[in-house]
> 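Once you've had a glance at the structure underneath, I'll fire off some questions.
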Amino acid sequence: MASETSKQVVTRFAPSPTGFLHIGGARTALFNWLYARHHGGKALLRIEDTDRKRSTQEAIDKIIEGLDWLGLEFDEPPVFQSDRAERHAEVAKQLLEAGHAYKCFATPEELEAMRAEQRANKLPMRYDRRWRDRDESEAPEGAPCVIRLKVPTEGETIIDDEVQGKVTVENAEIDDYVLLRADGTPTYMLAVVVDDHDMGVTHIIRGDDHLNNAFRQLPIVRAMNEIEGGWPDPVYAHVPLIHGSDGAKLSKRHGAVGVEAYRDEEGVLPEALFNYLLRLGWGHGDREEITRGEAVELFDLDGVGKSASRFDIKKLQNLNGHYIREADDARLATLVASKLGQEENQQLLEDAMPVLKPRAKSVNELVEGAAFLFVQRPLEMTDKAAALLDGEARQRLGGLSARLAKENHWTIEALEATTKAYAEELELGLGKLAQPMRAALTGTTTSPGIFDVLVLLGKEESLARIDAQAAPSGSNELN
Ligand code: GLU
């Protein structure tokens with residue numbers, strides 16, 4: 001058996017399904033995954049699906065889909081917390097039998113009265129341990145009861161958190177909370193501890209909104225260790241939550257909070273979100289661009305900051321632009337083709353990528369940039385484009401069309417030479433020709449380089465688009 005010191009690192013991500021993978025959850029998953037990979041350990045996934053109403057199959061699938069998309073693969077099939085209720089109850093019974101837990105017969109009305117009194121006297125609202133030292137025989141025959149943990153009342157509990165440092169809580173402040181409800185179902189607090197133990201979790205990395213819970217969970221671990229051994233304290237790392245630009249906890253009012261929204265609505269690539277989430281709360285000097293492989297090599301908990309980080313969409317977009325430029329053209333073409341419903345034009349899109357990529361910060365911008373390839377004649381013109389096509393411009397397009405029609409080599413170089421020669425002939429700057437060309441070819445005033453556009457559209461389509469806007473060559477419309 002492996003000794004305690006050489007124990008393999010086991011981390012877990014334990015989402016409660018809410019309908020989507022929250023960006024904060026994704027970062028927690030990422031940190032757990034990276035920590036396990038960095039230390040050659042295992043990363044596990046546990047679906048905390050005890051809230052049956054919210055934990056629909058669809059909500060669970062959404063989380064798994066988001067994790068897959070980010071490339072966070074786990075080392076074992078997911079554990080479903082709801083499957084394990086019997087095991088949780090078994091541990092509650094062990095704690096009860098060993099005197100680390102007790103039955104509480106307080107009725108809901110009694111507890112309500114207790115709370116009302118605490119409220120009135122401005123006392124901390126917590127269970128007053130009224131059944132801690134009473135005997136079961138004092139309860140009415142067959143009365144329902146819950147099982148509560150007997151938390152030490154003296155001394156203090158210290159957690160040496162890998163991120164927060166040493167945190168101390170007086171034991172008297174921790175209430176004897178419920179482990180098992182009257183109907184025999186386990187509470188969340190019990191389930192988490194039992195599952196973490198049974199899954200062999202060594203490191204609990206999660207949001208710092210769970211720091212308080214750690215002080216309630218650790219007493220179960222320690223009690224079980226006393227009872228049967230083999231329940232070492234886990235290492236805790238409570239990571240500060242992500243905040244919005246205004247410094248408040250990130251929520252829907254700041255914009256999208258689901259991973260899938262970044263993929264679908266913002267057109268973010270998974271490696272960009274991976275990199276961004278990594279940098280959101282963890283740093284290595286001032287490095288911004290860090291690949292997956294480098295992250296596995298560099299990640300450790302000492303790089304996790306103590307203060308909340310702010311979500312900055314601009315930074316994410318800039319990183320996304322970087323990864324778009326790095327990305328394989330065929331892969332981007334596939335993404336764009338599916339968004340445009342142009343799967344049959346994969347090759348054309350792939351050819352267009354080198355000219356679309358440099359100016360795009362998202363897949364959506366690639367989609368917008370590629371749209372001109374597929375518009376049907378007659379092209380719809382934006383107002384700005386229409387304004388460029390005055391009589392003079394149409395005249396010039398007519399002349400240009402006649403020249404381009406004679407072009408046998410439909411290449412950037414040849415098209416550029418011909419167009420320039422014509423501009424010189426008209427004693428005009430190239431722009432005076434290029435702008436109406438762009439309007440005629442794309443219906444807009446922004447596009448990739450005009451000769452790239454001609455090549456991508458091909459001779460026939462280019463001429464047809466130009467001719468549709470041109471005054472017949474040789475017409476005397478101007479003067
Ligand atoms: N299921 C909890 C949540 O989604 C996490 C529990 C834990 O990490 O211990 O917030």
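Whatever order the structure lists them in is the order used to number ligands and atoms, beginning at 1. Reckoned from all heavy atoms, side chains included, excluding hydrogens, waters and symmetry mates.
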> Which atoms from ligand 1 have a heavy atom of Arg206 less than 4.0 Å away?
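So the answer, numbered in order with elements, is 7 (C), 8 (O), 9 (O).
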> Can you see which heavy atom on Gln81 is nearest to which on Arg46, and at what distance?
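Gln81 and Arg46 have their closest heavy atoms at NE2-NE, 3.8 Å.
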> Does Phe13 come within less than 4.0 angstrom of ligand 1, counting non-hydrogen atoms of the residue?
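It does not; every heavy atom stays at 4.0 Å or beyond.
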> Would you say Arg46 has any N or O atom under 3.5 Å from an N or O of ligand 1, going by distance alone?
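No; every N/O pair is 3.5 Å or more apart.
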> So which protein heavy atom does atom 6 (C) of ligand 1 come closest to, and at what separation?
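Of every protein heavy atom, Tyr188 OH, 2.9 Å lies nearest to atom 6 (C) of ligand 1.
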> Are Glu271 and Arg292 ion-paired here, with the side-chain N under 4.0 Å from a carboxylate O?
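Answer for the salt bridge query: no.
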> Counting non-hydrogen protein atoms only, what is the nearest one to atom 10 (O) of ligand 1? Give residue, atom name and distance.
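Its nearest protein heavy-atom neighbour is His210 NE2, 2.9 Å.
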> Among all protein heavy atoms, pick out the one at the shortest distance from atom 5 (C) of ligand 1; state its residue, atom name and that distance to 0.1 Å.
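Among all protein heavy atoms, the one nearest atom 5 (C) of ligand 1 is Ala14 O, 3.3 Å.
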> Does even one non-hydrogen atom of Arg12 get within less than 4.0 Å of ligand 1?
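The answer is yes: ligand 1 sits under 4.0 Å from a heavy atom of Arg12.
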> Might you point out which heavy atoms bring Glu365 and Arg359 nearest each other, and give the distance in Å?
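Here Glu365 and Arg359 meet closest at OE1-O, 3.7 Å.
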> Check this for me: does any side-chain nitrogen of one of Glu173 and Arg126 sit under 4.0 Å from a carboxylate oxygen of the other?
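No.
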> Could you check whether atom NE2 of His38 has more than 12 heavy atoms from other residues, nucleotides or ligands sitting under 6.0 Å from it?
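Result for NE2/His38: enclosed.
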> Using a 4.0 Å cutoff against the non-hydrogen atoms of Glu48, which atoms of ligand 1 qualify?
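Within the 4.0 Å cut-off of Glu48, ligand 1 contributes 1 (N), 2 (C), 5 (C), 6 (C).
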> Salt bridge or not for Glu350 and Arg331, using N-O below 4.0 Å?
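Here Glu350 does not pair with Arg331 in a salt bridge, since their nearest N and O are not under 4.0 Å apart.
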> Does Val192 reach ligand 1 with a nitrogen or oxygen that is under 3.5 Å from one of the ligand's nitrogen or oxygen atoms?
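There is no such contact.
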> Is the closest basic N to carboxylate O distance between Asp161 and Lys166 below 4.0 Å?
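Salt bridge flag = no for Lys166 with Asp161.
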